[in-house]
Amino acid sequence: MADALESDAAAPGGMNRRRFLTWVVASPTLMIAARLGLDVPEAAAAEAPVTEAQTPLSLYIAIQLDGRVVTTLPRTEMGQGITTAVAMLVAEELDVALDSVDVRSADADPRWLIQLTGLSSTMRYLAGPLRSAAAEARARIVTAAALRLRALAFTLTTANGEVHAPDGRRVGYGELAEDAAHVLLPAVSSQPKPPSEYTVVGRPTGRIDALDIVTGAARYALDLDVPGALPAVVARPPTLRGTVQSFNDAVARAMPGVVGVVPLASGVAVVAQTFAQAFAARDALQVSWTAGPASTLSDVDIRARLRDAIGPRPLPPLLTTRTVEGRFDFPYLAHATMETQSCVARVQGTQAEVWLGAQDPKYAQREVARALGWDLAPQRVTVHVVRAGGGFGRRFFNQVAVEAALVSRAIGRPVKLMWSRNDDMRHGHFRPASHHRILAHLGLGGSLLGWNHRAAIPTVELPHGFGDVLTALAGEVLPNVTSAVFFALSQRLHYRFGLVGHELREVAIPIPTASFRSVFTSQVGVANEVFVDQLARELQVDPVALRRSRLTSSRLKAVLEKVVSEGQWGRALPPGVAQGVAVLEEWESAIAHLIEVDVTGGTPRVLRVVIAADVGLPINPKGIEAQLQGAAVDAMSTTLSAGLHIDAGAVREGSFADYRWLRMKHVPSDIQVHLVRSDDRVGGVGELGYPSAAAALANAIARATGTMPTRFPILDEGV
Amino acid sequence: MVAHQFILNGQSVTVETPADLPLLWVLRDVLGVTGPKYGCGVGVCGACTSHLDGEAFRPCIHPVGSTAGREVMTIEGLGAQGLHPVQQAWVTEDVAQCGFCQPGQIMAAVALLRKNSHPSDADIDAAMSENVCRCGTYVRIRAAIKRAALLLRSGAGVNGG
Ligand code: FES
Ligand code: FES
């Protein structure tokens with residue numbers, strides 16, 4: 001299967017100057033593969049034939065005989081709407097109806113160049129290869145049609161999945177799918193369209209899976225019909241990473257419906273005919289536990305360790321006359337995805353299959369293989385990637401799949417293993433707590449000479465694939481991406497504040513951690529923007545005026561002006577009601593929030609949220625709006641009321657009853673999103689909307705109450 | 001182990017299970033009806049919300065024994081004769097993100113609108129605040145409920161209970 005690679009270095013409109021290749025995959029109907037890669041030689045690649053089976057790739061687009069277009073991606077839909085945005089790009093370039101495009105998540109496979117869903121990278125990374133692959137497919141379809149119709153290829157047009165000849169004859173893509181697979185050289189351009197010609201991309205579009213969701217037909221892992229799969233739950237220790245010392249399952253085994261009891265490193269699993277019976281038997285197990293490694297730590301200890309790690313102040317810059325200090329504390333956070341950790345597994349002999357809503361399926365494959373003793377043969381484990389009920393960084397970790405595989409092997413039957421809500425809240429990987437010290441060094445006449453932000457954060461566990469993603473996005477090969485490297489790469493301050501320094505003090509605390517809708521920015525970026533307001537108070541200037549005069553980014557200035565005008569910054573408000581603003585630029589996107597809050601009741605009430613975002617080319621404005629509204633609710637929840645407490649190595653909160661995520665009655669009916677478009681780059685969206693929403697809310701509360709919040713969540717009584 | 005008979009989405013079903021088995025697991029594990037989701041199992045998140053004799057209820061804390069002879073409707077039954085106006089409004093407003101909470105949200109909204117054809121914001125707050133949406137789709141849920149109320153008042157295809 002030697003297929004010629006074609007170089008497609010030039011992308012339209014400067015949207016994506018990265019290099020990617022497209023090529024035809026040997027297949028009965030037309031199938032185009034594409035990849036983005038740094039190792040793609042810029043010019044010479046076109047001549048080098050590559051064995052298709054070895055070639056790393058980013059995606060496939062296949063045209064079927066029935067005319068449907070199937071796009072296969074190494075990405076996971078978790079609610080962020082990527083399948084819809086991908087279908088839109090494909091429909092646009094191929095000139096097919098949106099509802100004739102299917103988007104599928106690929107099984108784990110080492111051939112996928114990057115198989116990781118996170119870092120707001122999906123559209124930034126895949127938009128270019130997708131457009132190229134779809135445009136390549138269209139060119140070959142048109143070429144096949146020219147031969148079929150005996151017409152000149154350049155006279156043909158395409159619309160709605162058909163090729164039209166000037167004389168009115170038309171032929172559907174499905175009918176051409178076989179011929180197109182054998183086209184040697186396209187007779188028309190395979191360049192993607194310029195964005196000015198877009199009719200699908202950029203139009204607010206509802207999700208392609210909306211009907212499945214509202215009818216209950218959408219299938220998550222535990223809804224799949226894997227024949228004979230039995231419910232399984234796990235009795236877990238009271239403390240994080242505690243272990244089983246001994247257990248007695250005599251009572252549990254005799255209970256109705258119980259099929260088996262399986263000891264694991266993480267607890268004791270019970271398999272039964274129904275989940276209710278599995279839970280009942282789990283509760284009847286008698287287990288003695290060995291306390292986990294964090295069992296001597298509670299919130300006060302963790303806070304003290306983080307504070308201690310900050311260390312003495314560095315010397316201020318010369319001519320400093322005054323230094324202003326801000327200190328901030330952030331709590332551990334659970335991702336609390338609506339669908340708890342869930343996995344279906346079938347292990348038979350030397351083969352395993354798991355169905356998992358994984359954010360890093362290749363990592364899941366390796367972890368399951370290792371658990372089964374197949375370190376050297378991970379390909380024995382098939383990971384089917386399924387729709388996930390929320391991710392936010394939690395689904396990079398695959399303990400649930402390891403547990404399901406081990407239990408399936410032990411009982412010799414397929415199992416569907418589910419974490420209870422308590423398990424999910426108390427045994428997850430958490431956004432770490434943190435302590436921050438920001439120093440602003442002032443000189444004569446209110447000049448700003450320096451800004452030093454030191455953050456003490458427990459080490460964040462990053463999955464293996466982050467390095468690959470960053471390498472692909474940054475355009476240069478990065479060293480091993482540790483959390484320190486990630487911190488250095490991601491934390492920027494877009495202000496003229498003199499000498500700016502961000503320093504990470506990593507603290508070893510044996511509590512499992514993960515990224516959380518951004519890695520460090522959910523803390524560092526929030527603290528920065530809250531302290532910018534404090535600085536404005538110190539300098540006795542309006543916070544918007546300070547930002548206007550000090551921001552270095554024109555994109556940030558533009559989104560700031562947008563919320564200032566749309567949100568009527570400075571309008572007259574009754575006492576106890578105030579506005580706050582904040583901005584953030586990250587992942588090639590810029591955003592500003594303006595939030596109005598009322599503090600006259602017992603608890604702050606958000607009245608209105610106005611968001612302006614510049615994400616470059618907005619592929620699906622409706623999806624972007626949804627992501628930004630959702631991130632604003634995350635930010636409001638965790639700024640006001642949701643945070644975890646650690647008591648002697650155990651997580652106190654166990655459900656949405658005490659982990660106080662906002663509800664309908666807390667959320668304003670108005671969360672406006674305005675899009676500002678500075679260019680046609682594709683910027684990240686998924687994580688963008690959190691940090692400045694949290695900071696704008698804190699700033700509004702500071703302006704309404706006269707006191708800057710320094711500890712989050714604000715409504716927490718303290719540790 | 002006893003036989004329990006009830007009406008599920010318009011059809012009579014009989015299951016043999018212990019009487020105290022929560023209905024959610026009878027639906028999901030015995031009958032393969034997977035629209036109602038597990039989000040907490042203790043009645044605090046709303047992911048399993050369905051209808052019992054036309055009222056919103058939480059199958060995760062409702063024993064199968066107490067449904068004998070009664071009518072249970074899940075999200076699957078709501079759209080059985082074409083999309084219900086609430087489902088239509090959910091599609092138009094593009095409410096769902098991950099979608100996991102949405103069967104429960106929709107069933108709660110249908111129950112609200114059955115009692116109150118013109119819900120105010122305060123009515124929506126009161127009826128919908130026990131259904132968590134971790135993805136934060138509340139703004140669109142509210143808009144969809146108002147849209148559905150309009151559709152229902154204008155008499156657009158009311159069916160499915
Ligand atoms: S699962 Fe029934 S209310 Fe949460
Ligand atoms: S849409 Fe994801 S929890 Fe509501």
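Lettering of chains follows the sequences in order, A, B, ..., and the numbering in each one begins at 1.
For residues 209-222 of chain A, a heavy-atom distance under 4.5 Å to chain B picks out A:Ala210, A:Leu211, A:Ile213, A:Val214, A:Thr215, A:Gly216, A:Ala218, A:Arg219, A:Tyr220, A:Leu222, given by residue number. Proximity to chain B among residues 664-672 of chain A is limited to A:Met664, A:Lys665, A:Val667, A:Pro668, A:Ser669, A:Ile671, judged by heavy-atom separations below 4.5 angstrom.
Interface remark: A:Met78 contributes backbone atoms only to the contact with chain B (heavy atom separation under 4.5 Å). If you measure heavy-atom distances from A:Ser342 to chain B, you find no contacts under 4.5 Å at all. Using a 4.5 Å cut-off between heavy atoms, A:Ser637 does not touch chain B at all. Of the atoms belonging to A:Gln273, it is backbone heavy atoms, and not side-chain ones, that fall under 4.5 Å from chain B. Using a 4.5 Å cut-off between heavy atoms, A:Met418 touches chain B through its side chain atoms alone. Heavy atoms of A:Thr274 lying under 4.5 Å from chain B belong to its backbone as well as its side chain. At a 4.5 Å heavy-atom cutoff, A:Ala280 makes no contact with chain B through either its backbone or its side chain. The contact between A:Asp634 and chain B is made entirely by side chain atoms (from C-beta outward), counting heavy-atom distances below 4.5 Å.
The candidate with the highest count of non-hydrogen atom pairs below 4.5 Å against chain A, out of B:Arg134, B:Arg142, B:Gln97, is B:Arg134. Most heavy-atom pairs under 4.5 Å with chain A, from the set B:Gly32, B:Ala143, B:Cys135, B:Ala47: that is B:Cys135.
The existence of a salt bridge linking A:Lys622 and B:Glu93 is excluded, since no basic side-chain nitrogen approaches an acidic carboxylate oxygen closer than 4.0 Å. Between B:Asp53 and B:Arg70, at least one side-chain nitrogen of the basic residue sits less than 4.0 Å from a carboxylate oxygen of the acidic one, meeting the salt-bridge criterion. Salt-bridge check for B:Lys115 with B:Glu55: passed, with a basic side-chain N closer than 4.0 Å to an acidic carboxylate O.
Between A:Glu77 and the choices A:Thr122, A:Thr84, A:Thr83, the side-chain hydrogen bond (donor to acceptor under 3.5 Å, both in side chains) rule is met once, by A:Thr83.
Every residue meeting the side chain to side chain donor-acceptor pair (under 3.5 Å) condition with B:Ser12, not counting sequence neighbours, appears here in chain and number order: B:Gln5. For the side chain to side chain contact (heavy atoms under 4.5 Å, CB included) test, residues two or more places apart in sequence or in another chain that qualify with A:Ala272 are A:Gln277, A:Ala278.
Considering only heavy atoms from C-beta on, B:Thr137 comes within 4.5 Å of B:Gln102 through its side chain.
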